[in-house]
Protein chains: 2
Amino acid sequence: MKMSEGIEWAIHCCTLLAALPEGTALPVGRLSEFHDVPKDYLAKHLQSLSRAGIVQTTRGPGGGYRLGRPAERITLLDVVEAIDGKDPCFQCTEIRRRGPSAVGAAAYKKPCGIARAMWSAEAAWRRELQKVTIAALVAQAAEEVDPKQIEKSISWLERTTGG
Amino acid sequence: MKMSEGIEWAIHCCTLLAALPEGTALPVGRLSEFHDVPKDYLAKHLQSLSRAGIVQTTRGPGGGYRLGRPAERITLLDVVEAIDGKDPCFQCTEIRRRGPSAVGAAAYKKPCGIARAMWSAEAAWRRELQKVTIAALVAQAAEEVDPKQIEKSISWLERTTGG
DNA sequence: ATATATTTGGATGATATATATCCGTAATCA
DNA sequence: TGATTACGGATATATATCATCCAAATATAT
């Protein structure tokens, strides 16, 4: 069970967009340059974020992507679900209804106990993701990340928003 | 992010094996018949369980699969990791080290904060899976499942162990 | 108006992973 | 010896992920 690499990209993009000066936006070309990932494929993921309202877009010169709401109100769960969908990872195929022990459909009122246990664990995962906001990640990075890297990022950003 | 269907099969197999009389075993053909899944492919997953020690096997006539230890000491996490491996779902590709903000390798002592948050959520998922034992699932099923289905399962099992 | 920059969505291709089957070998039992 | 079974390797097929390209829509500036 591997998670799409696009999720990693999307989260990184959100943290970068959170550092963007008010009133400015970053086009996909610059986002892909910053993260060194394929531009067209990144664009697909950003479109998913856009549809989910996590980012807002404006077309045309000077346009691009910016956060759709304050970073305090964007959680990792929001991003994960925007990219990966909301379907549970564990898919119950109702094998209990097959084979020689199967009985009439009326006997299967509750979901399969195995599925319930798996889904319950997934719920715990989602709850944890929901606790972490983009703002928290940015704050954490401000503490931990090498000042040199932060400086480089800021000057790179200024090259965009200034020009 | 979809979970392998083999995990569902494996858990169902474990709960069935937990109901097996002491000293008996079920060959893969009967397990696949009971669950109505492809025999050869199920065999692959059972071999994974075997390598993990979750089930024990004996070859030859009368042989087959049985639990490798009491059902109280087999958790959903054990089964999931046996089938799916122990790799984290979220794979950090260190994109922070790429692009124009990258700095020297020495600056990246801690794992990326984004990865840590994702892994922390996964840990919560694993903890929940670890709380659920095969024995608990069997006990729950005994409460919930239609008595008719239980009866059918038992008589089907007797056809194997008796003959 | 025209040219430029940008997102959007559809179509398509490439690569990787999951699913499924087959076969030869080893082990076990009667 | 013969039957039964697990095991592991090889292979085939299906599905999902990854990636690219293009036409259309939209916005800005000149």
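Throughout, protein chains are lettered first and strands after them, A, B, ... in sequence-line order, and every chain is numbered starting at 1.
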Can you measure [X] atom [atom1] to [N] atom [atom2] for me and round it to whole angstrom units?
{"X": "A:Asp36", "N": "D:dA19", "atom1": "CG", "atom2": "C1'", "result": "15 Å"}
{"X": "B:Glu8", "N": "C:dT19", "atom1": "CD", "atom2": "P", "result": "11 Å"}
{"X": "A:Met1", "N": "D:dT17", "atom1": "CE", "atom2": "P", "result": "13 Å"}
{"X": "A:Glu5", "N": "C:dT15", "atom1": "CD", "atom2": "P", "result": "16 Å"}
{"X": "B:Glu33", "N": "D:dT5", "atom1": "CD", "atom2": "P", "result": "12 Å"}
{"X": "B:Asp87", "N": "C:dT17", "atom1": "CG", "atom2": "P", "result": "11 Å"}
{"X": "B:Leu31", "N": "D:dC7", "atom1": "CG", "atom2": "P", "result": "12 Å"}
{"X": "B:Gln47", "N": "C:dT25", "atom1": "CD", "atom2": "P", "result": "17 Å"}

message: If the cut-off is 4.0 Å, is A:Ser4 near the phosphate of D:dC18, judged by side-chain N/O to OP1 or OP2?
response: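 For A:Ser4, the contact criterion (side-chain N or O under 4.0 Å from OP1 or OP2 of D:dC18) is met.
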
message: Side-chain N or O of B:Arg51 versus OP1/OP2 of D:dG8: is the shortest distance under 4.0 Å?
response: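 Looking at the OP1 and OP2 atoms of D:dG8, one of them is under 4.0 Å from a side-chain N or O of B:Arg51.
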
task: Take B:Arg116 and A:Glu144, measure what salt bridge (Lys or Arg N to Asp or Glu O under 4.0 Å) needs, and give me the verdict at the end.
output: CA-CA 13 Å; B:Arg116 295 205 317 270; A:Glu144 293 178 3; 2.7 Å; yes

Pairwise side-chain contact, A:Ile114 with A:Arg96, heavy-atom cut-off 4.5 Å (strictly under):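 The answer is no, as the side chains (C-beta and beyond) never meet within the 4.5 Å cut-off.
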
- prompt: Do B:Asp78 and B:Arg69 have side chains that get closer than 4.5 Å, going by heavy atoms?
  reply: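 With C-beta onward as the side chain, the pair touches.
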
field: Shortest side-chain distance from B:Ser50, nucleotide among C:dT7, C:dT19, D:dC7
entry: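 Given the options C:dT7, C:dT19, D:dC7, the side chain of B:Ser50 is closest to D:dC7.
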
field: Options D:dG8, C:dT8, D:dA19, nucleotide nearest the side-chain atoms of A:Tyr65
entry: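 Given the options D:dG8, C:dT8, D:dA19, the side chain of A:Tyr65 is closest to C:dT8.
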
message: Please encode protein proximity along nucleotides 20-30 of chain D as a string of B, S and -, counting only heavy-atom distances under 4.0 Å.
response: BB---BBBB--

task: Sequence neighbours left out, what passes ring-ring contact (aromatic ring centres under 6.0 Å, His included) with A:Tyr108? Give chain and number order.
output: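 Not a single residue meets the ring-ring contact (aromatic ring centres under 6.0 Å, His included) criterion with A:Tyr108.
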
- prompt: Hey, does B:Gly29 reach any base, or is it just sugar-phosphate, or nothing, if we go heavy atoms under 4.0 Å?
  reply: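 The answer is nothing, as B:Gly29 stays clear of every strand by at least 4.0 Å.
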
- request: Before giving the answer on salt bridge (Lys or Arg N to Asp or Glu O under 4.0 Å), spell out for A:Glu122 and A:Arg126 the whole-Å C-alpha distance, their side-chain angles and the decisive distance to 0.1 Å.
  value: CA-CA 6 Å; A:Glu122 280 185 38; A:Arg126 292 199 159 80; 3.2 Å; yes

message: Do the side chains of A:Lys131 and A:Glu128 get close enough for a salt bridge, i.e. N-O under 4.0 angstrom?
response: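 Yes, charged N to carboxylate O under 4.0 Å.
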
task: Using a cut-off of 6.0 Å, state whether more than 12 heavy atoms not belonging to B:Glu151 lie near its atom CD.
output: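 No, CD of B:Glu151 has 12 or fewer neighbouring heavy atoms, counting only those of other groups under 6.0 Å.
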
